[in-house]
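To start, the structure under review is shown below, and the notes come after it.
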Amino acid sequence: GLANIEAVVIEDFTFSGNSIAVEVSGLGDYEYSLDGVSYQLESFFTNLASGDYTIFVRDRNGCGVSTKNVSLLNYVKFFTPNGDGDNDYWQISGSQFEPDLRVYIYNRYGKLLTSFLGDQLGWDGSYNGKIMPTSDYWFVVERSNGLTHTGHFTLKR
């Protein structure tokens, strides 16, 4: 029978060590794919780069394919908000697919500078209209599934 994708457990925020584990229910003999072409018996994928993936779960007896889209998130380690159209905003890569994701940005002393949602543009490097200096800044990401991630990045002027 057709697989019911119950849960997808992801490990992300690494350059190429991300993983996806697929949990399914149903009365079938299932195999799994991330490209819809090469299938494997294991429901676990490792050494993945961050980005957008479609999970394909196929019944080996020909009873159909179930799919689910997921994003493995990451962030750039620096940004350059100088108005040249390149790297002018800092945002979590892939977060547009997780609009309820919330990002908080702090300075080195722990002062909250801004917060925004996953489907918003991101941080432009200012606070109350003032341009912030070249420095390291810290962030907290709260995901809709309850997970949080912390880290830091550099604003370069």
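Computed from a predicted model, the values in this text were never measured in an experiment.
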Closest heavy-atom pair and its distance - I105, Y137: CG2-CB, 4.2 Å

Are more than 12 heavy atoms, taken from residues, nucleotides or ligands other than I131, located less than 6.0 Å from that residue's CD1 atom? no

How are the rings of Y75 and H149 set relative to one another: parallel (under 30°), tilted (30 to 60°) or perpendicular (over 60°)? tilted

Ignoring hydrogens and angles, state whether a donor on the side chain of N74 or S93 is under 3.5 Å from an acceptor on the partner side chain. no

Would you call N69 and F97 a side-chain contact if the rule is heavy atoms closer than 4.5 Å? no

More than 12 heavy atoms of other groups within 6.0 Å of E6 CD: yes

I'd like to check L113 versus M132 (side-chain heavy atoms, cut-off strictly below 4.5 Å). Are they in contact? yes

Taking atom CD of Q40 as the centre, does the number of heavy atoms from other residues, nucleotides or ligands within less than 6.0 Å exceed 12? yes

side-chain contact (heavy atoms from CB on, under 4.5 Å), that's the test. Do F56 and Y39 meet it? Break it down for me. CA-CA 8 Å; F56 298 85; Y39 280 83; 3.5 Å; yes

What heavy-atom pair brings P99 and L117 nearest, and what distance separates the two atoms? O-CB, 3.6 Å

What heavy-atom pair brings Y30 and V57 nearest, and what distance separates the two atoms? CB-CG1, 3.9 Å

When you group the ILVMFWY residues by side-chain heavy-atom contacts below 4.5 Å and let the links chain together, are Y32 and V8 in the same group? yes

Can you list the steps and then say if I55 with V70 is a side-chain contact (heavy atoms from CB on, under 4.5 Å)? CA-CA 8 Å; I55 300 165; V70 296; 4.0 Å; yes

Nearest heavy atoms of S66 and A3, plus distance in Å: OG-O, 2.5 Å

Could you list all the side chain to side chain donor-acceptor pair (under 3.5 Å) pairs where at least one residue sits in residues 113-128, not counting sequence neighbours? K111-Y127, D124-S126

Exercise: do T80 and N87 side chains pair donor with acceptor under 3.5 Å: no

Atom CG in D84, atom CG in D86: separation rounded to 0.5 Å? 5.5 Å

More than 12 heavy atoms of other residues, nucleotides or ligands under 6.0 Å from CZ of F78: is that the case? no

Side-chain donor-acceptor pair under 3.5 Å between T148 and E142, yes or no? no

Nearest-0.5 Å distance that lies between atom NZ in K68 and atom CD1 in I5: 7.0 Å

Hydrophobic cluster partners of L2 (side-chain heavy atoms under 4.5 Å): none

Minimum heavy-atom distance between F45 and S33, given as atom pair plus value: CZ-N, 3.7 Å

Which donor-acceptor pairs under 3.5 Å do the side chains of residues 13-23 make with protein atoms, sequence neighbours left out?
residue	atom	partner	partner atom	Å
T14	OG1	G17	N	2.8
T14	OG1	N18	N	3.1
T14	OG1	N18	OD1	2.9
N18	OD1	F13	N	3.3
N18	OD1	T14	N	3.1
N18	ND2	T14	O	3.1
N18	ND2	L48	O	3.1

For the hydrophobic clusters of this structure (ILVMFWY residues joined by side-chain heavy atoms under 4.5 Å, transitively), does one cluster hold both V9 and L147? no

What pairs meet the salt bridge (charged side-chain N to carboxylate O under 4.0 Å, His left out) rule with one or both residues in residues 94-106, with sequence neighbours excluded? E98-R143

With F153 via ring-ring contact (aromatic ring centres under 6.0 Å, His included) - residues at least two apart: F79, W90

What pairs of residues pass the side chain to side chain donor-acceptor pair (under 3.5 Å) test when at least one of them lies in residues 56-65, not counting sequence neighbours? E31-R58

Side-chain heavy atoms nearer than 4.5 Å, only ILVMFWY residues, links allowed to pass through others: does that put L121 and I92 together? no

Could you tell me whether a side-chain N or O of E42 sits under 3.5 Å from a main-chain N or O of F44, the two making a donor and an acceptor? no

At their closest point, which heavy atom of R108 faces which heavy atom of S135, and how far apart are they? CD-OG, 4.4 Å

Criterion side-chain contact (heavy atoms from CB on, under 4.5 Å) on L101 and L73, from CA distance to verdict: CA-CA 11 Å; L101 172 141; L73 304 181; 3.5 Å; yes

